[in-house]
Amino acid sequence: MELFINQILAGIATGAIYACMALAVVMIYQAIDHLNFAQGEMAMFSTFISWQLMQWNIPYWGAFLLTLVLSFIGGILVERLLFKPLTKAPILTHVAGFIALFAIINSCAGLIWDFTIKQYPTPFGSSPFLGSQLISTHQAGMIGVTILLLIALFVFFRFTRMGLAMRAAASVPESARLVGVNTSWMIALGWGMAAAIGSIAGMLIAPVVFLEPNMMGGVLIYGFAAAVLGGLTSPFGAVVGGFLVGIMENLAGTYIPGVGNELKLPIALALIITVLVVKPAGLFGRPIVKRV
Amino acid sequence: MSAVQEVVTDAPAIEAVPKRAMTLGAGTSLIVLALLIITPLFVKNFIIFQMTMLLVYGLAVLALNILTGGSGQFSLGQSAFYAVGAYTSAILMEHAGINYALTLPVAGLVCFLFGFLFGQPALRLSGVYLALATFALATAMPQLLKLGYFEYWTGGVQGLVVTKPDPPEMVRTMLAWFHLKMSQDMWLYYFTLAITIAIYIGSVNLLRSRSGRAFMAIRDNEIAASAMGVDVALYKTLAFGVSAAITGIAGGLGAIVVQFVAPDSYTITLAIALFLGMVVGGVGWLPGSIVGSAFIIFVPNIAEGISKGLSGAVFGVILFLVIFLVPHGARQVAMIAQQLIGRIKIDAILLLVVRLIKR
Amino acid sequence: MLSKRLLIAALATGAIAFASTNSAWAQKKYDEGASDTEIKIGNIMPYSGPASAYGVIGKTEAAYFNKINAEGGINGRKINFITYDDSYSPPKAVEQARKLVESDEVLLVFNPLGTPSNSAIQKYMNAKKVPQLFVATGATKWDEPKEFPWTMGWQPSYQSEARIYAKYLLKTKPDAKIAVLYQNDDFGKDYLKGLKDGFGAKSSMIVAEEGYETSEPSIDGHIVKLKASGADVFISIATPKFAAQAIKKLAEMNWTPLHIVSNVSSSVGGVIKPAGFENSQGILSANYAKDASDPQWDNDPGMKKFLEFLAKYAPEANKLDNSVLYGYGAAQTMVKVLQMCGDDLTRENVMKQAASLKGFSPDLLLPGITINTSATDFAPIKQLQMMRFKGEKWELFGDVISSELSN
């Protein structure tokens, strides 16, 4: 029983990592109806920038805010320069573009900062949280920030004009343009926000997994899985999905005999697919009605 | 993200390739075929080896073209079928001593079943969800191959070494009459070429047949197709099966040519590379498969030649250039070339007519 | 008049006799890739992809060969170091190996990296009779001179290192309950086998083993499970990132078993420092080379030479990265073998000289550890010394241990 509870708690702790990433994934999906494969690499690059700023003796929170702004601008630049010319191109070409972006960012990070792991500081400290040896204060802080982000996003999309405009531009672009929404810039804005959220995710994840160019590869897969499980239209679903994936993975590894340990990721993904077969839009997504 | 998807007015995710343009013209095909047959006689064994890998990956990209370009189902998981085909061939050759040529149909059959079975749960998924499911399959495969249970057969993480076949007796005696010898590499190349041509012709015919039309109807508008009486479930799983079978045969050939199989050879990187090959070649355009295959084999080498430290970045930049200039892949290049040649032909004929009149 | 002619004749005869008796020495023999002016050396490294962290080994080796060339080359010949990227993918490794042998026509392939890649090209290299020298992996199977006379390893094998830990535990903690975290690939599995073989009949001392994949972002869940097994010894067979995560998690969970870390993750700058010095006190490991962040080697002539080399030829290299030291050591061994070849640069002679290293001590090996090979012994480095982490550095203790495997 104790092992069970421990694994759930540990699952929630790792799940916070996935939930963070999943929020960025949902953000970009809301803006462009696609999963951006390079999201993880952009987050990693932002985290490296913040690390470099701290190496230049800028204090943590200063570096954090500066990185947020730089990532936001960076995301908009990437969209304007690289993906706007591809607007008329078929979807699969866009995906090829994401993959190319992934390769470029990963390679550049490796050249600039090399592949040895780097320690990354946390503003929350690393002591046991509430005496529990399974969740450190940092991981608790990570869960807290994720929930704050979630609330912020929810408020943005539901209650602000900008959020409404973005949702309109993504789902009914023609009508949005007719009422004066600049759909092109909405997409750019979506990219910028996704990059900023990704950078927060990266800066929260790095203290746990250590900073290096390949740190986000595994995280991105789990982030996708969590976002899809929770429903790509729902930030709340993304966060819940993240925690669920973390817990499922740990329980599968612990309790499925023999192969459970060697097949943690495939089992987690298989469970998600099973959920999708039953609820195609994810746990909290809005079901899509196809009209002919 | 709308809760309602207008299927009729929305542009289809994958655009249709007009039937006329589905293959190269007769003239171009003959030239390409001639090149493929004659070149190996004049180049070193190493280049022959590269050309053989070109054909093998070309087959895999062709299979993906049938699945995505033909029936509209996204797949980022072809590396899983490739791996199953490769291991089937390797296990049959090394553990059961079966002749390499006979392992290929078995690999194809095994993968067909595997693809068909995978297609069943995939029926309910589409678009990004299907992409994730196939992605999951591709990530799971190396881990499955490393499983302790199968270690006796698969060699576990160490993999299996495969023996390279010699040209068969008949061919050797025939060539000996002319005092010629054929290297293993050359024999494997022609063997692969024969299989590739056969599968290519088969695929073209498949896409032109009723089944092919059913695939394309499903790709363009699944609901309308179903309303018209197309058995969507059957054709979708069939597409998966056929695509998996061809990929499996490619995998088997790959195992024989490389002489080695290991879980690390068949990671998600391979699936992504095959996907890129399809996009660069032109989605749904079967002749483009070989262009896509050339891209994924040779461009990384070129990128490495330009810069060792930034080879990934150079590759990404080249890829971006390609998709900026020709978003529809090599098919677009071929269409432009066709138009140019057409224009030149017309100009030439007009000139001739004017000359004749003047006389 | 006559005597002068006689004298000249005698001298001439003497000269010819002298030249002919030494004709074997004066004759130059070359295989493809070697000539009067250059020696072509091939290499395959993962410069991109999941193992790109090891690409720096190839870069260090290239820099070292630049240094040798700047100092006059080997017996007057310059080294032409041709290195290709295989992205840690075996089919790509086969392609690059064939390119090196058939297209670039190198004399030998030096230090190709990765067990899967080397397994893929081993048969080909031996069939083509091209040396596959000093392969960069610790797998045990590169020491088989009868079956694969053209393949030779370099570093101590993983199994031999694991056996040393097993021996140590059997001696100092015979009642230990051992938990093992291992990477689920050829490296981890080979190590695990060595551990179990080392324990022999007492392999039941291992009460829990957890394998992890490199695609997992964090291995915390595994540590939780291992702690629940009640073990009092924790062995981590992990690459740097995961070893550091393990050290950190153990400290966070307040679990203090005897912690043994594998040599590949023993770098102070690369693993211990990021994980936290205060979390790493008392950790055990073993090494065969000096650590550049260890102040005890500050005045060591070998270390000084290495640092001078870095400053001049590879200023951007991170001296705390074990891979950089590894590349330097391997390249030094290669240069030694080529020097021993003299003017006989045939592939056969290269293998012969490589199998005749006796007591060779490159700059960075620990004192007491030397490289020895013979016609039946294709494992150049077989010795390790155990060390304990104290304060901010490793303290070597005990004797240099030789791992007895099949030789």
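Keep in mind it's a predicted model, so treat the numbers as computed, not measured. Only this structure's heavy atoms are used, side chains among them; waters, hydrogens and symmetry mates stay out. Note on naming: letters A, B, ... go to the chains in the order of the sequence lines (proteins, then strands), and numbering restarts at 1 for each one.
Annotation for B:E304 and C:T83: closest pair OE2-O, 3.8 Å, computed over non-hydrogen atoms. Summarising the geometry of C:K123 relative to B:V161, their closest heavy-atom pair is CD-CG1, 3.4 Å, with the distance given to 0.1 Å. Residues B:F260 and C:P116 share a closest heavy-atom pair of CE2-O, 3.5 Å.
Most heavy-atom pairs under 4.5 Å with chain B: of the set C:I121, C:D185, C:T115, this distinction falls to C:D185. Comparing C:E102, C:Q122, C:R98 by how many heavy-atom pairs each has under 4.5 Å with chain B, the most go to C:R98. Most heavy-atom pairs under 4.5 Å with chain C: of the set B:D185, B:L270, B:I47, this distinction falls to B:D185. In terms of heavy-atom pairs under 4.5 Å with chain B, the best-connected choice from C:Y84, C:Y88, C:Y124 is C:Y84. Chain C forms the most heavy-atom pairs under 4.5 Å with one residue out of B:N45, B:V157, B:V261, and that residue is B:V157. The most heavy-atom pairs under 4.5 Å with chain B, out of C:S103, C:P91, C:G188, come from C:P91.
Of the two parts of C:K189, only the side chain, counted from C-beta on, holds a non-hydrogen atom closer than 4.5 Å to a non-hydrogen atom of chain B. Looking at B:V162, the atoms closer than 4.5 Å to chain C (heavy atoms on both sides) all sit in the backbone: N, CA, C or O. Both the backbone and the side chain of C:S119 come within contact range of chain B, each with at least one heavy atom under 4.5 Å from a heavy atom of that chain. Only the side chain of B:S311 comes within contact range of chain C, with heavy atoms under 4.5 Å apart.
Using a 4.5 Å cut-off on side-chain heavy atoms (C-beta onward), C:K92 and B:N301 make contact.
Counting non-hydrogen atoms of neighbouring residues, nucleotides and ligands closer than 6.0 angstrom, the NZ atom of C:K319 reaches no more than 12 such neighbours.
Of the possible donor and acceptor atoms, one in the side chain of B:K146 sits under 3.5 Å from a partner among the backbone N and O of C:N184.
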Stepwise side-chain contact (heavy atoms from CB on, under 4.5 Å) check, B:Q143 with C:E213: CA-CA 8 Å; B:Q143 295 182 10; C:E213 300 284 336; 3.5 Å; yes
